[in-house]
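Here's the structure, in structure tokens; my notes come after.
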Amino acid sequence: MKLTTLLLFGILFTLVSCNGQNSNKDNTANLNTIGDTLKELGSNIMVIYQEKNNIYWFGSWEKGVYRYDGQTLIHYTTKHGLINNRIDEIQEDRLGNIYFGSANAKS
């Protein structure tokens, strides 16, 4: 059962990952213009991830993902291009690209 669950999450993670990010040192700079700036986090935070460059990402149960760089909190949802507002996993590859996984992916 555990192997099946891990395999399922691995496949889902691959299918719903963010693609097409550039390899600049701050590869999320282009996202700042499309997210909504907020004063506080929403509810139901499920996962927290710290990037190599100390930017924090907060994935929520139903409200999308939040990015905090130490000064500004930016909120992203399906309105901004996420495949789903439920974020179960956040990962960073060796080039600094950030990927979001959701077990509730919509087609």
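For this chain, numbers begin at 1 and follow the sequence in order.
With hydrogens and angles disregarded, a donor-acceptor distance shorter than 3.5 Å links the side chain of Y66 to the backbone of G42. Judged by distance alone, the side chain of E89 and the main-chain N or O of S102 form no donor-acceptor pair under 3.5 Å. With S60 contributing its side chain and G64 its backbone, the two residues share a donor-acceptor pair below 3.5 Å. Formation of a donor-acceptor pair under 3.5 Å by the N44 side chain with backbone atoms of K63 is not found in this model.
A distance of 9.5 Å separates CD in E51 from CG in N97, rounded to the nearest 0.5 Å. For the atom pair CD1 of I83 and OG1 of T78, the computed distance is 10.5 Å after rounding to the nearest 0.5 Å.
Outside the 6.0 Å centre-distance limit, the rings of Y68 and W57 are not counted as a close aromatic pair.
Ring geometry, H80 versus Y76: the interplanar angle exceeds 60°, so the pair is classed perpendicular (tilted spans 30 to 60°).
Residues I45 and I87 do not share a hydrophobic cluster, clusters being chains of Ile/Leu/Val/Met/Phe/Trp/Tyr side chains in contact below 4.5 Å. At a threshold of 4.5 Å between side-chain heavy atoms, the hydrophobic network of Ile, Leu, Val, Met, Phe, Trp and Tyr places L73 and I55 in two separate groups. V47 and W61 are members of different hydrophobic clusters when ILVMFWY side chains are connected at heavy-atom separations under 4.5 Å. The same ILVMFWY cluster, assembled from side-chain heavy atoms under 4.5 Å apart, contains both F58 and L38. Linking ILVMFWY side-chain heavy atoms closer than 4.5 Å, directly or via other members, places L41 and Y56 in a single hydrophobic cluster.
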Verdict with reasoning, Q91 to Y49, per side chain to side chain donor-acceptor pair (under 3.5 Å): CA-CA 7 Å; Q91 294 287 323; Y49 183 80; 5.8 Å; no
H75/V65 under side-chain contact (heavy atoms from CB on, under 4.5 Å): CA gap, chis, key distance, verdict: CA-CA 6 Å; H75 182 224; V65 69; over 6 Å; no
Stepwise side-chain contact (heavy atoms from CB on, under 4.5 Å) test for T72 and I74: CA-CA 6 Å; T72 306; I74 301 176; 3.8 Å; yes
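Scanning all heavy atoms of the two residues, the minimum distance from R94 to K52 falls at O-NZ, 3.1 Å. The minimum heavy-atom distance between Q71 and D69, with the atom names listed, is N-OD1, 2.9 Å.
Using a 4.5 Å heavy-atom cutoff, the side chains of Y99 and I90 are not in contact.
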